Student: 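Input: one structure, supplied below.
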Amino acid sequence: YELFRAHHRKVSISFLCRRMGVSSKGHLCFMMKGKRSIPNRCWTPLVETFRLSDEQASRLLVLLESDAERFRTRTANRNIA
């Protein structure tokens, strides 16, 4: 985000929220810090906003899928305990 923002000033937290359909800047910040998972519906807007190549997009999607699985596992473990 910071690297992209250095070259594209219009990309702000508010702009990302609007593009991704996230209602709260705070929630987006938690997503960026890894404290919340990024919902599947936000993945395509992320790729489009950051203008990723096909290779970059597929790598990002693999990371996001892995992250989503980590959050599902963590949530399941909390429910068991």
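Fair warning: this is a prediction, and the values are worked out from it, not measured in the lab.
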Student: Looking at S66 and V62, would you say the former's side chain and the latter's main chain have a donor-acceptor pair under 3.5 Å?
Tutor: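 Not confirmed, S66 side chain does not pair with V62 backbone.
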Student: Would you say L63 and L46 are hydrophobically clustered, going by side-chain heavy atoms of ILVMFWY under 4.5 Å?
Tutor: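 Result: no, two separate clusters.
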Student: What is the distance from atom CD1 of I38 to atom CD of E65, rounded to the nearest 0.5 Å?
Tutor: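 If I round to the nearest 0.5 Å, the distance is 12.5 Å.
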Student: Looking at residues at least two apart in the chain, or sitting in another chain, which of them share a ring pair (Phe, Tyr, Trp, His ring centres under 6.0 Å) with H8?
Tutor: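 So H8 forms a ring pair (Phe, Tyr, Trp, His ring centres under 6.0 Å) with F4.
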Student: At their closest point, which heavy atom of R19 faces which heavy atom of P45, and how far apart are they?
Tutor: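 In terms of heavy atoms, the two residues are closest at O-CB, 3.3 Å.
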Student: Where is the tightest heavy-atom contact between K25 and S14, given as atom of each residue plus distance?
Tutor: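 That closest heavy-atom pairing would be CD-OG, 3.3 Å.
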Student: Going by heavy atoms in the side chains, are C29 and K35 under 4.5 Å from each other?
Tutor: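 Side-chain contact under 4.5 Å: no.
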Student: Heavy-atom count around R59 CZ within 6.0 Å, excluding the residue itself: above 12?
Tutor: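 Open: at most 12 neighbouring heavy atoms sit under 6.0 Å from CZ of R59.
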Student: Walk me through whether W43 and L60 qualify under side chain to side chain contact (heavy atoms under 4.5 Å, CB included).
Tutor: CA-CA 9 Å; W43 297 359; L60 176 64; over 6 Å; no
Student: So which atom in S37 and which in D67 form the shortest heavy-atom distance, rounded to 0.1 Å?
Tutor: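 S37 and D67 have their closest heavy atoms at CA-OD2, 4.1 Å.
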Student: What's the shortest heavy-atom distance between C17 and S24, and which atoms?
Tutor: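 For C17 versus S24, the nearest heavy atoms are SG-O, 3.7 Å.
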Student: Tell me, with the steps shown, if L16 and F50 meet side chain to side chain contact (heavy atoms under 4.5 Å, CB included).
Tutor: CA-CA 10 Å; L16 281 177; F50 291 118; 4.1 Å; yes
Student: How close do C42 and V22 get, counting heavy atoms only, and between which atoms?
Tutor: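 Answer, listing the atom of C42 first, then V22: SG-CG2, 4.1 Å.
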Student: Which pairs, with at least one residue in residues 11-35 and sequence neighbours excluded, count as a ring-ring contact (aromatic ring centres under 6.0 Å, His included)?
Tutor: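 Passing the test, one end in residues 11-35: no pairs.
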Student: With sequence neighbours excluded, what pairs up with Q56 under the side-chain hydrogen bond (donor to acceptor under 3.5 Å, both in side chains) test?
Tutor: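 For Q56 the side-chain hydrogen bond (donor to acceptor under 3.5 Å, both in side chains) partners, ignoring immediate neighbours, are S53.
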Student: In terms of hydrophobic clusters joined by side-chain contacts under 4.5 Å, are M20 and V11 together?
Tutor: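 Yes, same cluster.
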